[in-house]
Amino acid sequence: MSQDSCTVGLGPQSGNYHVEIRNHLSHDTILKVGCKSGGGDLGDHWIVNGQRFTVGFHNDKCVSTEYWCKLSWGSKSSHGGNYRFFSCEESFLKFCNFQDCSWKVRDDGIYLHDMHGLKDVKYYDWES
């Protein structure tokens, strides 16, 4: 029998979660962020360098919640891709200390802050 990825002992099965995406692209580049989850479309947001986009939500049970975001920038939004910024998978939640997922968007990729190691870890390369 398989177990949920958020089992007792690994972290809370319910509670408040936060996802933060910070623009750290060079040359004052504006980042377009469009996020979706099973609960719907959060719309498009334009984030200037040094600013952030934040999503907060409450889960009664962390089983299948996911947030996917399309990031793009450049002429005609020619750079970027679609990335998963929240998942209830144990390996993912450990990075976020089972509560807060903090991302930094940089020229060379997308970094997730490891709350335990207190460092940013490159999590995604750019798709385009």
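Atom set for the values below is all heavy atoms of this structure, side chains included, hydrogens, waters and symmetry mates excluded. Please read all numbers here as calculations on a predicted model, not as lab measurements. By convention here, the first residue in the shown sequence is residue 1.
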*Asks:* Got a second to check how far Arg52's CZ is from His24's NE2, nearest 0.5 Å?
*Replies:*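 Between Arg52 CZ and His24 NE2, I get 10.5 Å after rounding to 0.5 Å.
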
*Asks:* Linking I/L/V/M/F/W/Y whenever their side-chain heavy atoms sit closer than 4.5 Å, directly or via other members, would Tyr123 and Phe53 fall into one cluster?
*Replies:*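 As far as the 4.5 Å side-chain criterion goes, Phe53 and Tyr123 are connected within one cluster.
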
*Asks:* Among Ile110, Asn23, Ile47, whose side-chain contact (heavy atoms from CB on, under 4.5 Å) with Leu71 holds?
*Replies:*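 Running side-chain contact (heavy atoms from CB on, under 4.5 Å) over Ile110, Asn23, Ile47 with Leu71 returns exactly one hit, Ile110.
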
*Asks:* Do Trp103 and Tyr17 belong together in a cluster built from hydrophobic side chains that touch within less than 4.5 Å?
*Replies:*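 Trp103 clusters together with Tyr17.
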
*Asks:* Same cluster or not: Phe95 versus Met115, using hydrophobic residues (I, L, V, M, F, W, Y) connected whenever any side-chain heavy atoms lie under 4.5 Å apart?
*Replies:*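 In one cluster: no.
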
*Asks:* For atom CG of Asp28, is the number of surrounding heavy atoms from other residues, nucleotides or ligands below 6.0 Å larger than 12?
*Replies:*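 Atom CG in Asp28 is not packed in, count stays at 12 or less.
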
*Asks:* Rounded to the nearest 0.5 Å, what's the gap from OG on Ser102 to CG on Asp114? Could you check?
*Replies:*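 Here the interatomic distance stands at 11.5 Å.
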
*Asks:* Nearest 0.5 Å, what's the CZ-CD distance between Arg84 and Glu89?
*Replies:*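 If we round to the nearest 0.5 Å, Arg84:CZ and Glu89:CD are 4.0 Å apart.
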
*Asks:* Side-chain heavy atoms under 4.5 angstrom apart, residues restricted to Ile, Leu, Val, Met, Phe, Trp, Tyr: same cluster for Val121 and Val19?
*Replies:*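 Yes; Val19 is reachable from Val121 via cluster members.
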
*Asks:* With distance as the sole test, does Ser128 use its side chain to make a donor-acceptor pair with the main-chain N or O of Gly80 at under 3.5 Å?
*Replies:*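 Between the backbone of Gly80 and the side chain of Ser128 there is a qualifying donor-acceptor contact (under 3.5 Å).
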
*Asks:* Would you call the rings of Tyr83 and Tyr124 parallel, tilted or perpendicular, taking 30° and 60° as the class edges?
*Replies:*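 Because their plane-to-plane angle lies in the 30° to 60° range, the rings of Tyr83 and Tyr124 count as tilted.
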
*Asks:* What pair of heavy atoms forms the shortest contact from Gly81 to Glu127, and how long is it?
*Replies:*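 What the structure gives for the nearest pair is CA-OE1, 3.3 Å.
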
*Asks:* Report yes if some heavy atom in the side chain of His113 is under 4.5 Å from a heavy atom in the side chain of Asp100; otherwise report no.
*Replies:*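 Side chain of His113 against side chain of Asp100, heavy atoms only: no contact under 4.5 Å found.
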
*Asks:* Rounded to the nearest 0.5 Å, how far apart are NZ of Lys70 and CG of Asn82?
*Replies:*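 Rounded to the nearest 0.5 Å, the NZ-CG separation comes out at 6.0 Å.
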
*Asks:* Indicate yes or no: at least one non-hydrogen side-chain atom of Trp126 is less than 4.5 angstrom from one of His79.
*Replies:*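 No; the side chains remain at least 4.5 Å from each other.
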
*Asks:* Please check this pair: side chain of Lys94 against backbone of His116, looking for a donor-acceptor N/O pair closer than 3.5 Å.
*Replies:*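 A pair under 3.5 Å: no.
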
*Asks:* Got Trp73 and Val33 here, is their nearest side-chain heavy-atom distance under 4.5 Å?
*Replies:*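 The answer is no; the side chains never approach within 4.5 Å.
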
*Asks:* Is it the case that the ring center of Phe57 lies less than 6.0 angstrom away from the ring center of Tyr67?
*Replies:*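 Judged by ring-centre distance (under 6.0 Å), Tyr67 and Phe57 do meet the cut-off.
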
*Asks:* CZ/Arg22 to CG/Leu31 distance, rounded to the nearest 0.5 angstrom?
*Replies:*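 So the gap between those two atoms works out to 13.0 Å.
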
*Asks:* Look up atom CH2 in Trp68 and atom CZ in Phe85, then write down how far apart they are to the nearest 0.5 Å.
*Replies:*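 The distance works out to 10.0 Å.
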
*Asks:* Is there a side-chain contact between Cys96 and Leu112, using heavy atoms and a 4.5 Å cut-off?
*Replies:*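 When only atoms from C-beta onward are counted, Leu112 and Cys96 do touch, with a gap below 4.5 Å.
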
